Every structure is written in structure tokens, then in C-alpha cells.
Amino acid sequence: MEDIKAKLERKGPYTWVIPREKGMRVPGVLYVSERLLEKALADNAVVQVVNVAHLPGITRYSLAMPDVHWGYGAPIGGVGAFDAESGVIVPGFVGYDINCGVRLLRTNLKAADIKSRLEILLGGLFQEIPSGVGSTGQLKLKKKELEEVVAEGAGWAVRKGFGTPADLSNIEENGCLKGADPESLSQRAVERGLEQLETLGSGNHFLEIQEVVEIYDESIGKVFGLFPGQITVMVHTGSRGLGYQVCDDYLVRFGKAMTKYELSVPDRQLACAPVNSYEGQQYFQAMKCAANYAFANRQMISHLVGQTFRRVLGLNESQLGLAVVYDVAHNICKLETHLVDGQPRKLYVHRKGATRAFAASHPEVPQHYRAVGQPVIIPGTMGTASYILVGTEKAMAETWGSTCHGAGRTMSRHEAIRVSRGRSIAEELARQGILARAASRSGLAEEMPAAYKDVDEVVAVVEGAGLSRKIARMLPLAVMKG
DNA sequence: ATGTTC
């Protein structure tokens, strides 16, 4: 680890390069402050950035965002693009929670409108939205319906009456990765998906009632429908057991494919397959199915949020004005076109704990946001701020249109539980004016604010590095933890 | 993240 530190070359205030050597096919690039660099070195995430740089077909560099930390095989906070002809696809570089992501909902409400009703609102959300490990939803899908969900994504939910077509235009890829073939899913993955739609899950997944406390760019804030004092709701969840099973299934299959295609990687957890192979494309299909399931899940949960708010506050739909600002994935692999040496190239962009941040005028940014750029949603952790950013040209040029995804852990779950022994995290948050409830007591401890890096610093680094710009900052009023 | 070690 110390020897890696000695080799780092500083290229800018927030940019360090790990020069290419030995088996590395490309250099590594870290977007970090000095303090965040120390953290990345301390948990060996920098070694994982180097490991990723060894993979076949990786193009230009192996990237790390400021919230980088140790993950399965590839670092969380890592970004890498692989040539669509000669590259590989890497389940460990997407992660177990495929399309873990965040959605921001805005309302017509101001904080003063709901302050006295927060406790009952939070109780209502717990009643409506199942949370915690292994939780199951109201719907029990038939296999045929599950196949529709994974093929159609959020559009399936809208077709069934959960939300409106306007919601879809405010979701990455309109809430559906095309060409998701349910045949790529194992029986077990299908079974796990049948009962878990419209559930929040556990770990760092949460649902939060927030207040917009600062707008950094008034005109873009208006385009996103945000104003100071406004109530927003943030939903952070993913593809639940279905996505987990997809990752598990294909890690096993890729172990065999590695021998068949004579691939070798520095860490078995980086098991991969040529992206153009049968196995590689099967994984890509299954990953799309899981991603679509997650888009549908966040869409269903939004509907339940609206239902709860209207019931508890006695409002009609137009009074509440619940609308999707945006919905983005931060664990996903996408086939995208980017300029490499001035030429457009098809690349499989892996973002693991990293968020797409496309600039203004990009055709994949929704029409109504195209003049300003894609909204980027950065969830903080309980008791800390969340942000809305916007994508930039510099992100397009340097990071395949990517930025950070959140605070990023600094303590392991185990360590957080140890440190918080004898303390009540709920009471500590209450003293800060934040109402917090969790499906389990240990869940709250694992996710305590001190277990995470400083989200304000992470966001300051991506802004300082030019990878995105701050538009708004929100603070939590009430938190529902899985 | 995860029917948290099928």
C-alpha cells in the first residue's frame, strides 16, 4: 500500500494518477482530496483500482470517485469502460445490488406544512412500505407477470396504474433497459423476484423526507422544480434478492467461462467474460432484467409514498404535487457511445457506486432538462445532507459522463456496531431534529453518520474537479431505514 | 447489498 502511495502522481488539486506498470493495461485515476486519498489507501480500495486496470479491453483508465472504498472485487466508487469488441463484462464491477439507485420526488409542500405530522407520516410509510431483510410486498406476482416486470421496468408499474407516463421521462433510460430477456434469469432469481416488488430492503437502503435548504443555481433549480423550504422525498433502493441472485449465478458461470476463454485476472472476484461471448451477453441480459426490476421497484414505492402522504395529510393529488425529479442508477453496466481520441466508440461503461452525469445537450438527457444537463442525485447518510448536482462537459470528457454516488463508507458494518454499542443512534439523531426509525436496531447502528465519509467533502471534490455542479442541498427531517 | 453461511 505504501509503495502505491509513493508512485502516485498529482495532476491537479483533486486528481492523482497511478502510472501504468506490470500487468496494468491502463493507468488509474483517482478524483480525491488529500484526506479522501488517505482513506482510499487505508482500506486498500486503491489496490482494487489497480486490479481493475488489468482487465482486458479496459479503455483509457481505471477511475475512482472521491467516495471510493473497498468492495467485492472492484471498488465501490469505481468506473471503467470496456471496448465493445475486445472487452470483458464484469459482474463484480456492477456489484450484488444491480441498479441500486436513488430517486428524488418533489412536492408542493413546505416544511412548515408537515412538521407537526412527521411522526404519523413516518409511521404511515412503515405501514405501507415493507422494509428490512427478506421483506415481501403486497403483490405476489405470477412468473409471467415477473417476466413482464423485468422486460418493461418502470413502464410496467405505470401500465398497471402506479404513476403516470410523465414519471418515466424523468428516469434514466426512461426506466427500462431495452432487450432484457427473462430467459437469462435462473429459476431461483425469478422466485426471489416474485414477492419483493415494492419493498425497500435493508442495509443502506432508505426512504427520507427532506427539506430543500439551499439552492446554488436558481435557474437550474427552477428547471428541476426545486425551491427553498420545499419538501422532497428520496428513495434509495435496488433490485433486492433478484439482483443479488443474478450476480451470484453469473459469478459461478463466469468462473467456468474464464477457463474456457483463457482469461486471467488479479482477483477471482473480478471474474469476467468477453462481452461478445454467449456468457457475457447472457449476463448483460440478466443484469438488464435486474435493473428493470429496480426501476419498477422505485416506481411502485413512489406510488405508496404518494398514497401515504395524501391519506395522512388529507390532500388531493394536485395539492400534494408529487412528481419525479429524476431517478438514477449507481450500480450498473451500460452500453454507451463516448469519444475516444476524438472518435465515437461503443463501450460497456461499468459504474459501481458511481452515477451517470451526462452534460447538457446529450440526447439521453430528458428533453425538459436537456438545456441544463442531467440531474444527479447524491444521497447522504442519516443525519447528513443530500444533494442534487448536474452533469458537465468535463465529466463527458474525463469520466465517461460519471460522478460520485454518495458519502461512501469509512467504517465496516461490524466496526459501526462495535463503536455504537451502548449508544442510541435514534436519540442522537433526534437531538439534531431528525426523526429516525429502522426495521432493526442494528440496522440503525450500521448506518450511523460516523460510519460514512463526509458527503459535503465528497461533493466538493467532484465539483472542484469539474465532474458535476451543485444545484441544491437537502437535509433530512424523517428517515425510514430498512 | 443479500431468505446477512444453500
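None of the values given here were measured: they were computed from a predicted structure. Proteins get letters first, then strands, A, B, ... in listed order; numbering begins at 1 in each.
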For A:Gly238, answer base if it contacts any base atom (sugar-phosphate contacts may also be present), sugar-phosphate if it contacts only those atoms, and nothing otherwise; contact means non-hydrogen atoms under 4.0 Å. nothing

Please report, rounded to the nearest Å, how far the C1' atom of B:dT2 is from the CD atom of A:Glu195. 16 Å

For a quick check of understanding: with a heavy-atom distance under 4.0 Å over all strands, which category does A:Gln196 fall into, base, sugar-phosphate or nothing? sugar-phosphate

Of the candidate nucleotides B:dT2, B:dC6, B:dT4, which contains the atom at the shortest distance from the side chain of A:Arg188? B:dC6

Counting the atoms with a prime plus P, OP1 and OP2 as sugar-phosphate, which does A:Ser239 contact under 4.0 Å by heavy atoms, base, sugar-phosphate, or nothing? nothing

Would one find a side-chain N or O of A:Arg240 under 4.0 angstrom from OP1 or OP2 of B:dT2? yes

Taking the side chain as every heavy atom from C-beta outward, state whether A:Val29 and A:Thr15 have any pair of such atoms under 4.5 Å apart. yes

A:Glu447 or A:Val133, whichever maps to the more 5' nucleotide of DNA chain B: A:Glu447

Over how many whole Å does the gap from A:Asp249 atom CG to B:dT2 atom P extend? 16 Å

May I ask you to say whether A:Glu195 pairs ionically with A:Arg240, meaning some side-chain N is under 4.0 Å from a carboxylate O? no

Whole-Å distance, A:Tyr72 OH to B:dT4 C1', equals 16 Å

Using a strict cut-off of less than 4.0 Å between a Lys/Arg side-chain nitrogen and an Asp/Glu carboxylate oxygen, indicate whether A:Glu463 and A:Arg469 qualify as a salt bridge. no

Interatomic distance, A:Leu251 CG vs B:dT2 C1' [rounded to whole Å]: 13 Å

Among the candidates B:dC6, B:dT2, B:dT4, find the nucleotide nearest to the side-chain atoms of A:His205. B:dT2

Please work out if A:Gly95 contacts a base, only the sugar-phosphate, or nothing of the nucleic acid, heavy-atom cut-off 4.0 Å. nothing

Phosphate OP1/OP2 of B:dT2 contacted by A:Ser202 side-chain N/O (<4.0 Å): yes

Rounded to whole Å, the CD1-C1' distance (A:Ile417 to B:dT4) equals 10 Å

For the pair made of CG in A:Leu200 and C1' in B:dT2, what is the distance, rounded to whole Å? 14 Å

In whole Å, what is the span from the OH atom of A:Tyr96 to the P atom of B:dT4? 13 Å

Ignoring hydrogens and angles, state whether a donor on the side chain of A:Asp97 or A:His205 is under 3.5 Å from an acceptor on the partner side chain. yes

May I have the list of side-chain donor-acceptor pairs in residues 150-157 of chain A shorter than 3.5 Å, sequence neighbours left out?
unit_1, atom_1, unit_2, atom_2, d
A:Glu152, OE1, A:Arg159, NE, 2.9
A:Glu152, OE1, A:Arg159, NH2, 3.3
A:Glu152, OE2, A:Arg159, NH2, 2.9
A:Trp156, NE1, A:Glu148, OE1, 3.3

Report the distance from atom CG of A:Asp248 to atom C1' of B:dT5, rounded to the nearest whole Å. 12 Å

